[in-house]
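The block underneath contains the structure these notes are about, expressed in structure tokens.
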Amino acid sequence: MIRAEINVLPYRGAKSQFSSWICEAIWGHRLERQPVSALLLEFLSIAEGLCRKQQLLQHGCEDVVYTPYLCTQLRNILFNNPMIDEIASGLENDDDAWARWLDEMHTSAVANRTDLRNYEYLRKRFESFDSFASIVSLLRRTAMDTHSNRGWTYRLLYPIGPYAIFDEATLKPDKSGFSTSRVLFTRTGELAYLMLSRSREEVRHRIAQHLSCAFDPELPSNRLLRRLLSTPQPDTFTEKHGTYLPYKDHPAFDRMAEDVLALFDLGLPSSDVFSHLGPVMALHLLLYQLETANALVGTEELPCIVCEILAPRACLVRRAALASITDNESLGMQAVRNFVCDQLDGDAELHQVLSRTDLDAATKSAVFRDRAKELFNLKNELGTHGVNEQRDELLGIAQSSYRDTVGDAVRSLADQCGLRSRQRTVSYRYCPSDDLLRNLVYVRVTRPAKESDFLQDLYHRYRLVIGPEEARIAGIPEELFDKAEYERNRERLLLRLMRMGLARRMSDSFTYVVNPIAENNGH
Amino acid sequence: MTYSPGEQWIRLLHGYSPVMENAGMTAEHIGRLEDRTGVRRLQFQHPAYDQLRSAILPDAGPPKNVILTGTAGDGKTTLAAQLYRDLHSTEPDRQNEIETIAFSHDGRTVDLTFIWDITAWRAIVDGRLAQDQVGVLEKLAHSVLGNAENQLFVIAVNDGQLHEVLRCLPDPPSLELAKLRKEVLRLHASGIQDSDHRLRLINLSRISSELLMQRCLEAVLDRSEWRCFDEEPSNPIFSASSSVRLNYRLLNTPAIRSRLLMLARLADACGFHMPIRGILCLLVNAVLGHPDAKGRVIRPQKGIEQVVAKPAYRAALHRTLFGEHLTPATRHRREVYRFLSLLQVGLETSNDLDELFVFGACDEELKEQYRSIVCADPCSQRNPHFEAMCRTYIRGDLGADEMQLFLQELASERRRLFLTASEDELDKLGLWDTTVFHHAGRYLSELLEPLHQGRAISLDLTRRIVAGLNRIWTGLLLADRADELYLCTGLDRTTATQSDILRQQIDVFGTDGSAVRISLAENSLYPQVEIGCRERVFRFDLTLGRFEFLCRVAEGAMPNTFSREYAEDFSMLKQRCLAKVCPPVRANIINGIRITSSGRIERVPIHLSEGVDG
């Protein structure tokens, strides 16, 4: 039981900074929109910080405290260093180039500590300024989201080693150093980490082993990063804590952990696994949100996700996919309403006061206001008079809070994992991208699987409805069900998988779904 | 209505045509036609027959049970029936879905049970196989696992039904049935033919389409019944101007037969299997197809003389062979037409060729070539109105509808030439450029042909293939002929658009196990590229599609722009290749790259220690 009292953990931190405590009580602190790169790096940042403390995936239900890297020098060199190419190409004399560059850095580099503003050590590390510049250029190519126009303190690197995993920071107003911020790292990546840390022990343990290898400071690419630092380890930032995941146990935890482990077990070369990890975690966070919302609405299971495999023109499956996304996106709102009503209705003391006939309306209203503030940690008192009006106002606050945070996160997660699309339609509907389909095959197929088994597995595990059999089992309403249409949808999926090299057709339209990467490894 | 012998022959052939709505009933339909017409059906020795026979009657070792799988129309049941006839000297009854005969082998009497078609045999009640049928499979399992020496089975089954039946076994199945299921699924999924137990799984879809085309051509064209053209010249169907006669004549020329074999070879090269039923349908439709006939296929019936009297070009071979006269739905039902439409023959434009078609009649420089190549038309295949259309086109007088028609006819002319041109002309006239595979000619002549003959392919072609790989896998414009294969990655991902870290440099013609080889494994339909790096080897199939992509990229096409699908395919191949041949190492150096003026890559070592670069 997801929402059983025994399964819900109390939040031990201070709630004073929150305007209300409603969505946080349901999904945790917190689910919020963030780019998939930030989701991945925030997850890796907490994992790396805890790996350094020898506590990787060992916390269970306690508050997790870690210290992320700040990597002041690395970030200044890579992202706050616009003159390097001009200096490298403009000055023939190496000493002049170094002198000019060090001068530039002296004025422009930002650091919280004075010793981190000094870049003289680099001169001894490189044969020439040119070779230094070429390595900077090489490392810059590993930057993520290069198309975005974020400030340099928000630029992130692909996780080529532990020193490429650092916390986001903002410049102090006087540009004298960095201070903390929660613009990119909105805690959703930390929430993903907490989900993994509460998964089955044996799976968690194996994920920890894989992650520890990825955090090895002696990785060649990490050693390249280290060459740019004055110290053997990068500088760290402010200690972080306080992320809250309300449930001790949740079906989403094991589901995510198993898929993450399956990705690591593929043995993809280099750091390729991370380009799949972000979208896979986004999918699982989305499923976590949906399943939790559904539990509050009354059903302890994932709602159906009807997927259109991109059809050439409008069809019944497209209508069903549109209806499915609308239903699922409204689940969260219903969950929030149910949560508020359940809390109010379950408050015996409040109930007793409101049912007393000897109290006037103003007194009841005052009691309700106080109780609501306490129950939901409202920052501002309810402004209306009359219990019914106050109740409506409270629901309004809850829904508005949902829309701005979790509701927005859900849409963003669906985009990041490749589940949602507007291709060939005006509105969004569930229409999986090639990347999502590839990730599903990577995590679910180790040896050739019958197409029907694959589709059934996607249904039972993620409630993805693609073929006619799954649509029938899912109980798709009659007006949105036509066997032939879902048959065509299934056929489109198989054709796409075949084109992507992920399916092998045999006779009489019989198809095996295959994972070439797993086959490569002799699984 | 009485029919002449020639007409009976055409009636039988009509049974193979694409008009047949329910392709699954073709065998039964042909059987009835055979009885009615008194003409023997189209027959030939199936290429897989020896594999079947040698499993049941091995020269040495124990005999094996056989499961025949394959796509509909591959001849599973026919093949099993042929074995039945050979061993029992009678026709199978086929009224029963299962039949058992006894035969002697090595002094022992063996009971051989045939299940002609598992789809018709199996009965599933409440999701489980009927008890008596489970009993039959128990016996099969017992035999496969070596515990019943004198009992063998031959089972014909479609791939999907094979899984279906195994899924419907009792839950839990007996130990032997469970073992049988595991073994059959293992063989089926991995494409292995012989099990360590007494079981052989023959997948007829793996038989080369070229071989099947060869047998089908002989079965259709070499029949003595075609003497009807000489014996019944007054019959409109067999008259001198009839499209049937002209198309048969053209189809029976060595050049066209060889072109059809080439098309089948291309199907193999694309990983596209042509089932026997599809090939026979293609050939019959090529001869009998006519846009004005009822059902669009000629057969003896009332009013056929008016159809045959129409100009033969309307049913020319280059139109009927590609199913131009059939409805899109009919074409789509047959895999063989889906394959031909994939080739897009005639649909790609080619400047030189189109110039010849359009201006050849009036341009002095082109006239001679035009006369010898375009006008040569001994079988009246050419549209006589096309020249007039060209003249109107040149004058710019074509309306929108006429322009559409003109473009269709132009494509048709390209197809005609593609079909009738000699092998030399195919290359010389750039006829491959009118298909989607511009390099298919090279694939066949420079790659498949030498490999089939046991010769090595030319060094230049190997260099070109490697150049394509280098360009795709590095994202850099390197030399268009390569002596070294560069396995590069980004610092972050192996599939980085620009891969500037050199992980391995392999001498294409190296001798110490590090080399790139292109070879053809026995029984394989397409060549394999083998990338060796010391002890480690990575192989991938070089299908026609991949070859085309490599050649185009080697010539300078941008991988992602030319084909996103193949760009992703090669991206995955690169991931697999690196995982296989470049294990992670803890070196003190990583190699950056520098491109030389000749388009080669030079290592630029980057030291990882904190000391100064050496």
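A note on names: the letters A, B, ... follow the listed sequences, proteins ahead of strands, and every chain is numbered from 1.
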Given the rule in the side-chain contact (heavy atoms from CB on, under 4.5 Å) test, do B:L578 and B:F538 qualify, once you have shown the distances and angles that lead to the verdict?
CA-CA 9 Å; B:L578 281 158; B:F538 173 72; over 6 Å; no
Working for side-chain contact (heavy atoms from CB on, under 4.5 Å), residues A:T511 and A:L497:
CA-CA 10 Å; A:T511 310; A:L497 291 180; over 6 Å; no
Going through the distances and angles, do B:T119 and B:D117 end up as a side-chain hydrogen bond (donor to acceptor under 3.5 Å, both in side chains)?
CA-CA 5 Å; B:T119 317; B:D117 179 2; 3.1 Å; yes
Derivation of the side-chain contact (heavy atoms from CB on, under 4.5 Å) call for A:M500 and A:V441:
CA-CA 11 Å; A:M500 290 157 69; A:V441 172; over 6 Å; no
Between A:Y512 and B:H163, is the side-chain contact (heavy atoms from CB on, under 4.5 Å) condition met? List the steps.
CA-CA 11 Å; A:Y512 277 117; B:H163 274 264; 2.7 Å; yes
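Cation-pi check for B:R338 over B:F272 is not met; the charged atom does not lie both under 6.0 angstrom from the ring centroid and within 45 degrees of its normal.
For B:A587, the part lying under 4.5 angstrom from a heavy atom of chain A is the backbone only. Within the 4.5 angstrom heavy-atom criterion, atoms from both the backbone and the side chain of B:N588 approach chain A. Heavy atoms of B:I501 lying under 4.5 Å from chain A belong exclusively to its side chain. Residue contact with chain B, scored on non-hydrogen atoms closer than 4.5 Å, involves the side chain of A:D434 exclusively. Contact annotation for A:D435: neither backbone nor side-chain heavy atoms come within less than 4.5 Å of a heavy atom of chain B. Neither the backbone nor the side chain of B:R539 comes within contact range of chain A; no heavy atom of the residue lies under 4.5 Å from a heavy atom of that chain. Of the two parts of A:L122, neither the backbone nor the side chain holds a non-hydrogen atom closer than 4.5 Å to a non-hydrogen atom of chain B. For B:L491, the parts lying near chain A are the backbone and the side chain together; criterion is any non-hydrogen pair under 4.5 Å.
Between B:T489 and A:P269, the closest side-chain pair of non-hydrogen atoms is not below 4.5 Å.
By the 4.0 Å N-to-carboxylate-O rule, B:R206 lies too far from B:D74 to be salt-bridged with it. Between A:R226 and A:E218 there is a salt bridge, since a side-chain N of the basic residue sits under 4.0 Å from a carboxylate O of the acidic one. Comment: B:R546 does not engage B:D541 in a salt bridge, judged by the lack of any side-chain N to carboxylate O separation of less than 4.0 angstrom. By the 4.0 Å N-to-carboxylate-O rule, A:E491 lies close enough to A:R505 to be salt-bridged with it. Under 4.0 Å is where a charged nitrogen must lie from a carboxylate oxygen, and between A:R438 and B:E568 at least one such pair does.
Residues that satisfy the ring-ring contact (aromatic ring centres under 6.0 Å, His included) test with A:H210, not counting sequence neighbours, are A:F264. With sequence neighbours left out, B:E548 forms a salt bridge (charged side-chain N to carboxylate O under 4.0 Å, His left out) with B:R552.
Interface residues of residues 184-193 of chain B toward chain A, defined by a heavy-atom distance below 4.5 Å and sorted by number: B:L185, B:H188, B:A189. Contacts of residues 157-165 of chain A with chain B at a heavy-atom distance below 4.5 Å involve A:Y158, A:I160, listed in sequence order.
When A:P448, A:P220, A:S134 are compared by the number of non-hydrogen pairs under 4.5 Å with chain B, A:P220 comes out ahead.
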